[in-house]
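To keep things clear, I will list the structure first and then write my remarks on it.
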Amino acid sequence: MPSSDVTTKMLDLATRAAWRGGGRVEPNPMVGCVIAKGSDIIGIGHHQRYGSLHAEREALANVHRRGHDPRGATAYVTLEPCCHHGKQPPCTEALIEAGIKKVVFARHDPAPASCGGSRVLRDAGIEAELCESSSAAVHLSDPFVKRITTGMPWVIAKWAQTVDGRIATRTGQSQWISSDLSRRRVHHLRERVDAIITGLGTALHDDPRLTVRLDRRPRRIPRRVVIDTDLDLPTTSKLVRTAREIPVTACCSGELKSGSYLEPRRAALEAAGVEIMGVRSDNRRLDLDVMLKQLVDAYDTTNVLIECGPGLLGSFFEFDLIDEAVVYIAPLLLGDELAKAAAVGRTVPSLSGGRNFRLMRIKRVGDDVELVYRRPVEHAARRADHGSTQRSGC
C-alpha cells in the first residue's frame with residue numbers, strides 16, 4: 001500500500017477512535033491517535049473525557065499494554081500534539097520520551113496556550129508533518145477550532161421532514177414524522193451537545209422536555225435554552241417544572257432583564273430554577289450572534305443543537321449561523337402547499353441567495369434517511385489558524 005494511502009487510513013482510524021470521546025471531552029477537542037510501524041498498528045488511543053489523559057498518552061499506554069516498543073514508530077494524530085502543562089502534561093513530552101520517530105497530524109492546534117507542538121517536536125529531532133489527506137480527521141476538530149478562533153459555538157440544526165420538505169401539517173401536527181429509530185438517534189445526538197436551543201413558539205405548542213432519554217446514563221446533560229424575548233414561558237411548562245433537575249436558560253431582551261416591567265415574570269421563573277440571560281435586541285428580535293457568544297462565555301459551550309420551528313430556524317439561516325444540519329427524511333408525502341416548511345422568513349429572489357451546504361454523510365435509518373450537511377469551508381481557511389504550509393508526503 002502506498003505511503004499516502006497508509007497515512008490516510010491511519011488518520012481515518014484515529015478519527016473513528018476520537019469520536020468515542022464525543023460528549024465527554026468538551027470543551028476540549030475530540031482527538032484520536034494511532035501508533036504504527038509501517039502499516040502495522042501497535043497502539044490506538046483517544047481522549048476519553050475532560051481532564052483525563054490525552055490521545056497520544058493513551059495510545060502510548062496501549063502500545064505498552066500490547067507488549068510493543070514505540071521507538072522508531074510513527075504517531076498519526078487528528079490534532080497537533082499540545083506542548084503546554086494543563087490538566088495533563090504536554091503530549092510532545094510523551095512522544096519525545098517514547099522515541100517516536102515521526103508525527104503526522106491532520107490539523108494545527110489554534111489555541112494560544114497549546115499550539116506550537118510541531119515546532120517542539122522538530123526541535124527534538126522528530127519529523128512533524130501536517131497532512132490533510134483525511135477529510136474526516138480535518139473536520140473532526142471544526143467545533144473546537146471555531147470556538148477558539150471566533151468565540152462562537154458549533155451550531156447544529158436538526159429537523160425531520162417529509163419527502164416534499166414539510167415538517168408539520170398546516171395545523172402544526174408533527175408527531176411523529178420520523179420513525180422511532182430516527183428519534184433514538186436524535187437522543188444520541190443530544191447527549192453530545194452542551195445546549196439545546198428552542199423558541200418560545202415550540203415551547204408553547206409542543207411543551208417539550210428537550211432531555212436525553214436513553215436506556216443508560218447519558219454522556220452529557222445538555223442545558224435547555226429558550227429564546228423568549230418577553231419572558232412568556234409558562235411556569236407550568238415541562239421545561240420550567242424540570243429546571244431544578246436539568247438546567248434551563250431563558251434568553252430575553254437585555255433591557256427587560258433588569259427593568260421593573262417584567263419583574264414578576266422574572267421572579268417566578270427564577271424561583272422555579274430558570275436562569276435568565278439578557279441579550280441585546282433590535283426591533284424586539286434578539287441578536288442571535290450575541291446570544292451564542294454569551295452561551296460560550298457563561299457556560300463554556302462548544303456544541304449547540306437547534307430544535308425549533310421554521311421561523312426561528314429561518315432566522316438562524318438568515319444570519320448564516322448554522323454550521324451543520326442533521327435532516328431526517330421520512331417516506332411520507334403531504335402535497336399540501338400550506339403544510340409547514342423547515343425554515344421560513346427569508347426573502348430569496350434567486351438561487352444565489354440560498355445557503356450552500358456540503359453533504360457529509362448519508363445513512364439509512366429503517367425507512368428514514370439521515371442526511372448530515374456542513375457549510376463548505378475553504379481549504380485555506382481551515383489552515384489559517386496557524387499560517388503553516390502543508391508539508392510533503394501526503
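All residue numbers in this chain count up from 1 along the given sequence. Only this structure's heavy atoms are used, side chains among them; waters, hydrogens and symmetry mates stay out.
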Counting N and O atoms only, with roles assigned by atom type, does the side chain of [X] sit under 3.5 Å from a partner on the main chain of [Y], one being a donor and the other an acceptor?
| X | Y | value |
| --- | --- | --- |
| Thr150 | Lys146 | yes |
| Asp228 | Leu233 | yes |
| Asp287 | Val290 | yes |

#### Entry: Option passing side-chain hydrogen bond (donor to acceptor under 3.5 Å, both in side chains) with Arg224 (candidates Thr211, Thr242, Thr249)
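Only match with Arg224 under side-chain hydrogen bond (donor to acceptor under 3.5 Å, both in side chains): Thr242.
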### Query
Among pairs that include at least one residue of residues 313-352, which meet ring-ring contact (aromatic ring centres under 6.0 Å, His included), considering only residues two or more places apart or in two chains?
Phe317-Phe357
### Query
Tell me, which pairs form a ring-ring contact (aromatic ring centres under 6.0 Å, His included) where one or both residues lie in residues 179-233, sequence neighbours left out?
none
### ILVMFWY cluster, Tyr373 and Leu313 together (side-chain gap under 4.5 Å)
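Linked within one cluster.
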Got a salt bridge between [X] and [Y], using NZ or NE/NH1/NH2 to carboxylate O under 4.0 Å?
| X | Y | answer |
| --- | --- | --- |
| Glu275 | Arg223 | yes |
| Glu307 | Arg190 | yes |
| Glu370 | Arg364 | no |

### Task
Just jot down the ring-ring contact (aromatic ring centres under 6.0 Å, His included) partners of His46, sequence neighbours excluded, or say none.
none
### Message
Holding to side-chain hydrogen bond (donor to acceptor under 3.5 Å, both in side chains), I want the full list of residues that pass it with Asp69, two or more places apart in sequence or in another chain.
### Response
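Here no residue qualifies.
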### Message
For residues 48-66, which residue pairs pass the salt bridge (charged side-chain N to carboxylate O under 4.0 Å, His left out) check, not counting sequence neighbours?
### Response
Arg57-Glu93
### Message
Can you list everything that forms a side-chain contact (heavy atoms from CB on, under 4.5 Å) with Leu338? Sequence neighbours excluded, please.
### Response
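Residues passing side-chain contact (heavy atoms from CB on, under 4.5 Å) with Leu338: Arg170, Asp336.
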### Message
Could you check whether atom NZ of Lys37 has more than 12 heavy atoms from other residues, nucleotides or ligands sitting under 6.0 Å from it?
### Response
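Yes, enclosed.
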### Task
Please tell me if the side chains of Ser253 and Thr229 come closer than 4.5 Å, counting only heavy atoms from C-beta onward.
yes
